[in-house]
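Because only heavy atoms are used, hydrogens play no part in the values below, and waters and symmetry mates are left out as well, while side chains stay in. As the structure is a computational prediction, the values presented were derived from the model and not from experiment.
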Amino acid sequence: MEKRTKLSTYFLISILVILIDQVVKLWIHFSMLEGEEFSVIGNWLKIHYITNPGMAFGLQIGGAYGKVFLTVFRLIAMVAIAIYIRKSYLEKVHSGFLVSVSLILGGAVGNLVDSIFYGKFLNLIVDKAPTPWFHGKVVDMFYLDIAQG
């Protein structure tokens with residue numbers, strides 16, 4: 001009989017991803033200027049420091065409450081992903097799939113942390129926060145030069 005990984009392991013994977021994500025983002029923020037980049041694997045994979053004020057591909061929801069709506073949506077999505085991990089675990093879904101979804105959850109929470117705390121968290125380290133609560137920008141840095149467009 002195959003030994004089964006505990007459910008808590010998948011959430012620990014997410015927590016580990018969140019910690020690594022935040023440490024790397026802080027390192028990028030304090031060691032690079034926005035727009036600066038360096039190659040990791042030739043011209044194919046680069047670290048390119050940029051902040052994203054919106055969601056995927058820089059899309060934004062306009063209006064006074066657009067950022068707050070996006071943050072609330074991210075919170076709901078994060079809870080839904082956590083519930084999905086638990087449900088999938090109970091249905092005995094393959095552990096590789098659960099690890100994959102745990103990595104997604106960790107990345108989603110990391111972006112949520114940026115969105116909520118980007119300005120105020122950095123205010124603990126620097127004199128002036130760049131943005132108010134819930135209006136932070138997500139720190140992006142991985143650039144895959146697959147195609148130009």
Non-hydrogen atoms of L112 and M78 that approach each other most closely: CD2-SD, 3.7 Å

Within-4.5 Å side-chain heavy-atom neighbours: I85 and L7: yes

Result of checking E34, K25, H29 against T51 for side chain to side chain donor-acceptor pair (under 3.5 Å): E34

Check against side-chain contact (heavy atoms from CB on, under 4.5 Å), S39 and L45: CA-CA 6 Å; S39 293; L45 174 62; over 6 Å; no

Within-4.5 Å side-chain heavy-atom neighbours: Y10 and S95: yes

Residue pair I15 / L19, side-chain heavy-atom distance below 4.5 Å: yes

Closest non-hydrogen atom pair between G110 and I18, with its separation: N-CG1, 4.4 Å

NE2-OH distance between H48 and Y143, expressed to the nearest 0.5 angstrom: 8.0 Å

Pairwise side-chain contact, I50 with E36, heavy-atom cut-off 4.5 Å (strictly under): no

hydrophobic_cluster_shared for V23 and I13, side chain cutoff 4.5 Å: no

F142 CZ: over 12 foreign heavy atoms closer than 6.0 Å: no

Contacts of type salt bridge (charged side-chain N to carboxylate O under 4.0 Å, His left out), residue K87, not counting sequence neighbours: E91

Closest non-hydrogen atom pair, I81 against L105: CG2-CB, 3.7 Å

Separation between OH of Y49 and CD1 of I28, rounded to the nearest 0.5 Å: 9.0 Å

Taking every non-hydrogen atom, the tightest pair across S102 and S14: O-OG, 2.7 Å

Rounded distance [0.5 Å steps], CZ in F69 versus CZ in R74: 11.5 Å

